[in-house]
6 protein chains.
Amino acid sequence: MAEAWNANTVMSSPPVLLGVPFDAASSYRRGAALAPPRIREALRSPAGNNWAERIVEVVCDDGFEDLGDLDLPGADAARTQIEAAIAALAGRPFIALGGDHSITYPIVRGLGTDRSSLTILHVDAHPDLYDEFGGDRFSHACPFARIMEAGLARRLIQVGIRTMTGHQRDQARRFGVEQIDMRAWAAGARPHGMTGPVYVSIDLDGIDPAFAPGVSHREPGGLSVRDVLGLLDSLDASLVGADIVEFNPAVDVSDLTALVAAKLVKELLAVWRTAS
Amino acid sequence: MAEAWNANTVMSSPPVLLGVPFDAASSYRRGAALAPPRIREALRSPAGNNWAERIVEVVCDDGFEDLGDLDLPGADAARTQIEAAIAALAGRPFIALGGDHSITYPIVRGLGTDRSSLTILHVDAHPDLYDEFGGDRFSHACPFARIMEAGLARRLIQVGIRTMTGHQRDQARRFGVEQIDMRAWAAGARPHGMTGPVYVSIDLDGIDPAFAPGVSHREPGGLSVRDVLGLLDSLDASLVGADIVEFNPAVDVSDLTALVAAKLVKELLAVWRTAS
Amino acid sequence: MAEAWNANTVMSSPPVLLGVPFDAASSYRRGAALAPPRIREALRSPAGNNWAERIVEVVCDDGFEDLGDLDLPGADAARTQIEAAIAALAGRPFIALGGDHSITYPIVRGLGTDRSSLTILHVDAHPDLYDEFGGDRFSHACPFARIMEAGLARRLIQVGIRTMTGHQRDQARRFGVEQIDMRAWAAGARPHGMTGPVYVSIDLDGIDPAFAPGVSHREPGGLSVRDVLGLLDSLDASLVGADIVEFNPAVDVSDLTALVAAKLVKELLAVWRTAS
Amino acid sequence: MAEAWNANTVMSSPPVLLGVPFDAASSYRRGAALAPPRIREALRSPAGNNWAERIVEVVCDDGFEDLGDLDLPGADAARTQIEAAIAALAGRPFIALGGDHSITYPIVRGLGTDRSSLTILHVDAHPDLYDEFGGDRFSHACPFARIMEAGLARRLIQVGIRTMTGHQRDQARRFGVEQIDMRAWAAGARPHGMTGPVYVSIDLDGIDPAFAPGVSHREPGGLSVRDVLGLLDSLDASLVGADIVEFNPAVDVSDLTALVAAKLVKELLAVWRTAS
Amino acid sequence: MAEAWNANTVMSSPPVLLGVPFDAASSYRRGAALAPPRIREALRSPAGNNWAERIVEVVCDDGFEDLGDLDLPGADAARTQIEAAIAALAGRPFIALGGDHSITYPIVRGLGTDRSSLTILHVDAHPDLYDEFGGDRFSHACPFARIMEAGLARRLIQVGIRTMTGHQRDQARRFGVEQIDMRAWAAGARPHGMTGPVYVSIDLDGIDPAFAPGVSHREPGGLSVRDVLGLLDSLDASLVGADIVEFNPAVDVSDLTALVAAKLVKELLAVWRTAS
Amino acid sequence: MAEAWNANTVMSSPPVLLGVPFDAASSYRRGAALAPPRIREALRSPAGNNWAERIVEVVCDDGFEDLGDLDLPGADAARTQIEAAIAALAGRPFIALGGDHSITYPIVRGLGTDRSSLTILHVDAHPDLYDEFGGDRFSHACPFARIMEAGLARRLIQVGIRTMTGHQRDQARRFGVEQIDMRAWAAGARPHGMTGPVYVSIDLDGIDPAFAPGVSHREPGGLSVRDVLGLLDSLDASLVGADIVEFNPAVDVSDLTALVAAKLVKELLAVWRTAS
């Protein structure tokens, strides 16, 4: 977990796909641990093809290496294992398929990037900045409080927010979080100046439930899939890793959300593919 | 039903939530009378929280007073009762949960605002301006013809319209209705100059069926939920009341529409909350 | 298949509705042959009305003539029959309800327009430009390769594309296809200069699966229904025919897609109605 | 409500179909008022035919007379109207389509049969014998308490019961109710000796939710549709009327329950048809 | 189509699986042509295993030979091709996956069994004995009229019937059809004495819609899956072929019917497997 | 895990409800870990009541004690914890809500009954007797091989079996398993002579998918819910514990299976209630 991020390192091998089937920190409805196999299935569905919108083939032998799913305990020890798994990648770019949002804290701990340089682009309906939730400081409602407290990132940019509370507004101010809530997004605000190593964390409930109903905390009024794809379009070789979390197959409608998750995997892979 | 609207009165007590489970004036498929309990359930779902996007808590003790549902007959006498129930609020702000759109006429009659000043902001796929429909002048296809005929509003602004007929176009001209149909909306037109007392009537079929499938008269090509939230963002203390109508749980998909209705309730409550 | 397009001819009779229930060229999941009766049902649903957004009545006696469905073999002979059926219309405007996208090639062959003048406006998630697919040169993945090879159109404008492959990019360059892919569309690009005879081919998977889930090849990140309606708004009397293809009722959600298809039929009919 | 039942009277005209869209006495989830139009639709679906299993045509001009739906208030006055509507039939056989089970009390009051002779065959998961429920003595959980208290029937035979409580067991004993609960039914017990005028009341939740999911109070372990059809097979000209209640379209699965209700209507009609 | 059935021939090679994706003779809702790939998919689902209830492995290399689907025209010529395909099997046992029930007539023509000896065991809600239906003598409502007229079978035993009409009752008498309708089945009647070559034709709507909702003509009150499996248990080496028809994936619920069809395939295969 | 079962001990306190949310040993599709909260929700649904069919109240303060869910790791250590949790009950009767079927092995280990006396009544479509499955000897396909190998039961009675393989038949013989497969069940066979301590293990896929679709390994042709309730009717005070496993909410249809599971909980509780 030591060395700083290095653009050369990042490009030396195909990106990694890693399942993190953990949902024991979910505050309401579990199910996100079922997501990784469903996303893989959608990723390889004969209904789609293997190319990303940047017109590069990504679902292919050298497109990524699938490491399968972590075998995790349901409780706190899982975090240690997740952090270790990411650290073991030693700088290889990766996409982690959650699992609930609590996995982002150990993932970012495992990143090994220079703490003074990391930018996190966070897509979500919720800021996930609670100091604790239901008595659990590692709840899926808290990861970004933990990350910012530990000084693991220089910038945290949140997009899609539409469930802010007074407490979380205070937390956001305390940590200097940059927020583009849905009202600002609809008015045209966009993230800017994302340089240096960038980590992307996509909670699928940032997207409107019409497009991605398979999430435990549906919140109407969200981003379109195209909005999120537009965000990914702005990424480049500085991308060090990503997670796609909170897909809950148990409440999906006609597998629509599995396909959205798979689409995001493809377009994230294409970021590295077009950079190499 | 006498006194003119008075901004001070409006703010003196928490807004009211009132169910109006009436769908006997529906021309096609009934079911809207089932909506109020489903919206309340969504409003208090542990999957969400109690805060609105203006970052005020609204689902809380002093956020609103829930008066429950009216006990209505299925036939014409219901209108008299609805009007009386609204009049009895004596100027307290309220949100009425329909029920079909026929309830808006007795509600507006019960408002007690100065007829020369009221502005109605009406979100809908349909103009609901028929002189009569299927032989019924109080059909859910007719409320705004009745309202305008009776001179109950100074301005009627319709947003989301995409099923205009020749007859209704004539009616719109006759009553001086201001329309921003979906073609105009897509081209950037927006309502403006909404001053004085404002009443908001949201037929959920104004929203595209992808976001709100639970309506009896689905019409593709509608507003997004965010579009409607943007409209609500422009409201202020002049809001005297609102209705959310035509949610039909019997044709909803995975409870998506119940949640949309609950979101709109929260954001409407926030209008008053941020004004007080 | 001989005479050139002539604007006067086109307007001499009401447009034609013709079902083409053929899906034997589908590469993955069949079902599109089931679409025509479902679209007709949605077109006449008592939940809607008979007027288009241009405020003309279109679902009425002189609005169109419904020729019913072609009785087609499942195999290659179907193409000959489709071409002959279109040629027999002798220039009457028409809307063909597919069936899979393979029907567009014989339809365009049957159009009888001057090859040097035809513009095709093609809405789709996929370019359908494969030289062959799964060994079949007439697959639903290939119609526009066949059309362009045969010189049947002067311009091919594709909108909504988001699954381009390397091979198809080469084909697009070879045939001079004009593409507005979803990234360009989201950035504001729109088709322009569509003069002379225009043919419109709408693959419903061009639309985002949130709005039109009933397609065999769902691809997230697509057009909204309103986006497509906006495209149709730009059409005029030069429209010679149209197809709506790839609706697969077997994977629809709550009949949402049937209604989208019916809406498109109405708005296409309105193009001719407002021109006459 | 005066004259005694007379077998000759009963046969003098085709049976009546009457919708009773009332669900205001439902203790949990409303929706049963939506049932009548859905059952009619299923009854005339082109997917079925017009013949009953006794091989008589029943969905035809002289098979029954459809009187449409009662226009009922939502509250207590509805009971008076229901009773009057049945009394007005003056002995004509009828099938009432509910609505919730509270309608059976006013229907039986309106029957006008000799109180000393009526047998009621009651299919249900629940005995509906509560003295009051949620403070309402006319709740859908109470109709048979009211009927037996008023001495409106000589015998009450209940089939399919599987949710008996201590209070209701006491009520059943007090009223001399004959019960064939599901455990007895599975062991082979069947009703016997049903002579004189017979009234049939079918609560669709008597049937297992696998066959009839569209009910508000699903209770696993119930009758099969064939079990209920077998019961109807034992009926003859002494049948004076019937109701089919508690179908809630808002929770049906793929319209399965609508079709079950329509099947029961057909087989009930056939009882009279084969008797005449 | 000449030689008589010969038990030795039948056993000389593994049985054949053959898709017959034809639904152009359906009177109401098409979709049965989509069934074969769905049944194959269910047959090989990792959720099941490869063994039949007779404890023989059947989904394995020597369990059957899958000939794929016939490439059929949509119209009358299809019948000729179906008959030829079956004749070409020259006595090899087979299971044909429909398609609608009209395919059974050409299949039985192609059987090549001695007309004086064939017994057909026919599971269905409908007798399919219409002389013509909607003007079509080859409709899916007519195959057994054609078969019996042509003297292609010595005995026709129908099980599960529950939609008999007067006309079909006359036809049944004329052809000497043995019927065990659902009322008789529920009373304990079963087929007996099935000797000599036996052909089994299973229309999935013979099964109750609770078990097999994916059929175009749902009829409540049918057989359980176990009832049909019990029928298959009585079969032996005299089985010469079978069809499974009228599965319509477009109206299935959660793929339940696909799995029922696959189960029947397995148990039919086991008949031959345990005989060899 | 030491002391022998003692009927007096068993009755000294209300039975226990314990969630065991473990599905890491599932061979195909995970999701069973989501079951416990869904079953609890169904158990307390206002759509039902608190009484069991033996007419005893069971969902009440002294009906059972809910210990909540075990906090389990996803991997092998879970088994140790499950065994310990059951051992800690020290003979109190309990119902364990799985989770997949792999939990039954550690549960039975934790029972602490005299190995020479225990009878296990096992309802399932599958015998779960594999020596190993996919390389895992503790797979959900193997628990009864482990139990019988360890001599933890005197008798194992399996009901509902319909997917036997050759290997498992050999295992069944080796362990002296008594099987009532579905063919025998349909012919009238029933378990008998269940004396001494009895443990019941209900895999919901033993029930037909029409009644309980929410299982990962649906197998048509199974028991009805009533069949299983009949089995429970034969139980008495010798019941020492039970599990209900393999409910997978992610593939349920309209929550039907949750309700079936809750019904089974109630009827199991009633066994103890009527014994005390």
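In what follows, every chain begins at residue 1, and chains take the letters A, B, ... in the order their sequences are listed.
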Visitor: Of all of B/Asp233, B/Val225, B/Leu229, B/Val56, which one pairs up most often with chain A through heavy atoms under 4.5 Å apart?
Guide: B/Asp233

Visitor: I need the minimum non-hydrogen distance between A/Glu219 and B/Lys266, along with the two atoms involved.
Guide: OE2-NZ, 4.5 Å

Visitor: Tell me, out of A/Ala125, A/Gly166, A/Gly222, who's got the most heavy-atom pairs with chain B below 4.5 Å.
Guide: A/Gly166

Visitor: To the nearest 0.5 Å, what is the distance between CZ (A/Arg183) and CG (B/Leu232)?
Guide: 10.0 Å

Visitor: Would you tell me whether B/Arg226 and A/Ser224 have side-chain atoms, one donor and one acceptor, within less than 3.5 Å of each other?
Guide: no

Visitor: CZ of A/Arg190: more than 12 outside heavy atoms within 6.0 angstrom?
Guide: yes

Visitor: Identify the two heavy atoms, one from B/Ser254 and one from A/Val251, that lie closest to each other, and give their separation to 0.1 Å.
Guide: OG-O, 4.4 Å

Visitor: Using non-hydrogen atoms and a 4.5 Å limit, figure out which bit of B/Ala262 sits close to chain A: side chain, backbone, both or neither.
Guide: neither

Visitor: If I compare all heavy atoms of A/Pro213 with all of B/Leu256, which pair ends up nearest, and what's the gap?
Guide: CB-CD2, 4.4 Å

Visitor: Given side chains that start at C-beta, do those of B/Trp51 and A/Thr163 come closer than 4.5 Å, heavy atoms only?
Guide: no

Visitor: Which atoms of A/Arg162 come close to chain B, meaning under 4.5 Å heavy atom to heavy atom: side chain ones, backbone ones, both, or neither?
Guide: both

Visitor: Measure across A/Ala210 and B/Ala210 and return the closest heavy-atom pair with its distance rounded to 0.1 Å.
Guide: CB-O, 3.2 Å

Visitor: Between A/Thr165 and chain B, with a heavy-atom cut-off of 4.5 Å, which part of the residue counts as in contact: side chain, backbone, both or neither?
Guide: both

